[in-house]
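Here is the structure we will look at.
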Amino acid sequence: MKEFDIIIIGGGLSGSSTALNLSKKGYSVLIIEKEASGSIKPCAGGMASSMKKYLPLDIDESIESKIRNVEFRWESSDNVVADLSGESPFWIIRREKLDKLLLDEAIKYGGEILRPVQVEKITQQNKNWIIKCSNKVTYKSKFLVIADGSQSKWAGYFNLGPRKPKFANTIALRLKGLGNIPKDSVRFEFGFVKYGFAWAFPLKDSVNIGLGTFINNKLLENKDLNNKVIKSFGFEDLSFKVVHKKLRIWNGLNKLNGDRVIAVGDAASLCDPFLAEGIRPSLISSYFAAESIDECLSRNNNDLNNYSTNINNEWGKSMAWGKRIAQIFYRFPRTGYQLGVKRKTAPQRIAQILSGQMNYEDIAMRVIKRLLTKSKD
């Protein structure tokens with residue numbers, strides 16, 4: 001039986017980032033990943049440049065675009081543009097490159113990865129985790145990190161996060177060329193997708209396109225609607241492969257740790273409930289998970305409660321207001337667009353939220369009051 005200080009279930013962004021933060025501190029780390037390597041990840045790829053403080057390495061190789069403008073449209077017209085202030089406050093990264101950079105760096109510091117391997121059973125024995133896997137090998141660790149994404153079965157097994165997770169339904173694809181998307185802009189398209197929106201984020205030579213809905217998850221099964229949205233981004237060739245994904249979005253302040261176990265990223269239900277952003281909470285939670293585990297191992301205790309407290313303070317309090325804005329905005333989308341996007345200061349505020357300069361709590365009371373008042377007229 002091989003023994004490690006920490007075993008991480010899931011080798012995506014949050015798993016690889018947690019592994020790097022811990023292996024760099026000198027701990028023995030094993031990642032168990034169920035998928036084979038090499039797959040394209042048509043994740044939107046938007047990341048506030050301020051998140052580099054949570055990453056202990058240079059990620060320039062994964063940055064495809066530096067965004068200067070955020071465009072908002074209602075049914076392909078009524079264009080509103082917000083300038084992003086500061087020096088490249090918002091980046092588009094190629095997810096498969098970023099994940100590989102993190103993983104390679106973790107391995108350089110002694111981390112290990114098993115793939116493709118499924119975790120079949122987890123038990124406790126003398127303050128250790130015993131993990132039985134599909135490769136017929138059993139592993140032991142002092143601490144366990146759940147990082148297996150929105151479809152995580154282990155987060156619920158350990159009662160981490162909301163008792164009843166809430167999901168946004170999304171489709172994602174990557175198309176060659178930039179269509180009509182400026183290389184230094186991202187676009188959010190409202191109106192076509194009822195109870196949701198579409199987005200286009202440019203890479204160097206292609207575009208990550210997504211559609212998401214937060215209320216009626218069957219809406220995205222409408223192929224004609226999907227094609228209309230994609231054409232609005234300037235693409236005529238509709239012979240593309242679509243990836244369907246359910247995102248486990250933030251749904252309340254919850255405990256994200258147990259006895260020697262922590263959930264991070266999408267598995268912890270941290271995805272933004274208004275803009276469906278997942279990279280920022282993945283990196284924040286990975287950083288604080290590593291800090292909490294390091295504190296326990298260095299002080300020889302098992303109290304991880306400061307992790308849940310830190311995440312709820314750093315991310316959850318803002319998301320509580322983001323959820324309230326989303327509940328009103330997506331039920332009354334036209335009103336939401338008029339009052340939440342077209343209002344003089346609104347686009348800049350959304351851009352500042354994307355770049356990490358503001359949070360939902362800073363704008364929520366004014367936005368909610370305007371939306372509620374108008375929706376009752």
Side-chain angles (χ1 to χ4, degrees), residues 1-41 43 55-57 62 95-158 160 243 245 248 257-268 278 282-283 285-287 289-290 292-294 296-297 304:
M1 186 185 299
K2 293 195 70 174
E3 297 186 23
F4 295 86
D5 293 318
I6 304 103
I7 286 180
I8 300 171
I9 302 176
L13 178 60
S14 56
S16 297
S17 179
T18 307
L20 173 55
N21 282 309
L22 285 165
S23 61
K24 201 166 184 180
K25 294 177 185 293
Y27 298 113
S28 58
V29 180
L30 173 68
I31 298 174
I32 303 174
E33 168 56 46
K34 63 181 179 181
E35 303 288 345
S37 59
S39 59
I40 290 178
K41 297 182 179 180
C43 158
L55 288 165
L57 81 166
S62 68
R95 265 292 308 279
E96 53 267 34
K97 280 189 178 181
L98 178 59
D99 290 11
K100 187 175 187 302
L101 280 174
L102 292 167
L103 183 58
D104 288 349
E105 190 78 357
I107 291 171
K108 188 176 85 174
Y109 281 95
E112 298 181 36
I113 184 166
L114 294 171
R115 66 189 326 168
V117 173
Q118 292 267 9
V119 174
E120 295 183 338
K121 187 177 181 181
I122 302 175
T123 56
Q124 293 187 66
Q125 183 184 95
N126 299 326
K127 294 187 177 181
N128 285 295
W129 294 110
I130 308 300
I131 295 102
K132 294 183 178 179
C133 297
S134 58
N135 62 354
K136 307 304 179 185
V137 180
T138 300
Y139 303 89
K140 180 192 287 189
S141 71
K142 298 170 186 174
F143 287 85
L144 185 62
V145 177
I146 307 302
D148 53 343
S150 286
Q151 304 308 309
S152 174
K153 75 172 187 177
W154 296 110
Y157 178 82
F158 289 107
L160 305 177
V243 176
K245 188 176 182 182
R248 193 182 296 222
N257 70 277
D259 179 22
R260 294 170 293 108
V261 59
I262 275 177
V264 296
D266 290 349
S282 287
L283 297 179
S285 60
S286 298
Y287 173 83
S292 294
I293 292 172
D294 173 41
C296 286
L297 285 169
L304 292 168

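The structure presented is a predicted model; accordingly, all values stated were derived computationally and were not measured. Note that the numbering runs from 1 along the sequence shown for the chain.
Residues Lys153 and Asp148 share a closest heavy-atom pair of N-OD2, 3.7 Å. Among all heavy-atom pairs drawn from Ser141 and Ile6, the shortest one is CB-C, 4.1 Å. Minimum heavy-atom separation, Ile31 to Leu103: CD1-CD1, 3.7 Å. In this structure, Leu22 and Ala290 approach most closely via the heavy-atom pair CD2-O, 3.6 Å.
Between the Ser150 side chain and the Arg248 main chain, a donor and an acceptor come within less than 3.5 Å of each other. Side-chain atoms of Ser28 come within 3.5 Å of backbone N or O of Asp5 as a donor-acceptor pair.
The aromatic rings of Phe158 and Trp154 sit tilted relative to each other, their planes meeting at an angle between 30° and 60°.
For Tyr287, there are no side-chain hydrogen bond (donor to acceptor under 3.5 Å, both in side chains) partners two or more places apart in sequence or in a different chain. With sequence neighbours excluded, the residues that form a side chain to side chain contact (heavy atoms under 4.5 Å, CB included) with Asp294 are Lys25, Tyr27, Ser298.
Residue Glu33 holds its CD atom at 11.0 Å from CD1 of Ile9, rounded to the nearest 0.5 Å. The CD1 atom of Ile262 lies 4.5 Å from the CD1 atom of Ile293; values are rounded to the nearest 0.5 Å. Between the NZ atom of Lys127 and the NZ atom of Lys142 there is a distance of 12.5 Å, given to the nearest 0.5 Å. Atoms CD1 and CZ, on Ile7 and Phe143 in that order, are 13.0 Å from each other to the nearest 0.5 Å. Interatomic distance, Ile32 CD1 to Arg115 CZ, rounded to the nearest 0.5 Å: 12.5 Å. Note: Trp129 CH2 to Leu144 CG = 6.0 Å, rounded to the nearest 0.5 Å.
Taking a cutoff of 4.0 Å between a charged side-chain nitrogen and a carboxylate oxygen, Lys140 and Glu3 qualify as a salt bridge.
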What do the steps show when you test Gln125 against Thr123 for side chain to side chain contact (heavy atoms under 4.5 Å, CB included), and what is the final call? CA-CA 7 Å; Gln125 183 184 95; Thr123 56; 5.7 Å; no

After noting the C-alpha distance and the side-chain angles of Lys2 and Val137, does the key distance pass the side chain to side chain contact (heavy atoms under 4.5 Å, CB included) rule? CA-CA 9 Å; Lys2 293 195 70 174; Val137 180; 5.5 Å; no

Yes or no on side chain to side chain contact (heavy atoms under 4.5 Å, CB included) for Lys245 and Asp266, after CA distance, side-chain angles and deciding distance? CA-CA 12 Å; Lys245 188 176 182 182; Asp266 290 349; 4.2 Å; yes

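Screening residues 8-24 for side chain to side chain donor-acceptor pair (under 3.5 Å), with sequence neighbours left out, gives Thr18-Ser286.
By the 4.5 Å heavy-atom criterion applied to side chains, Arg95 and Leu13 are counted as neighbours. The shortest distance between side-chain heavy atoms of Ile146 and Ser152 falls below 4.5 Å.
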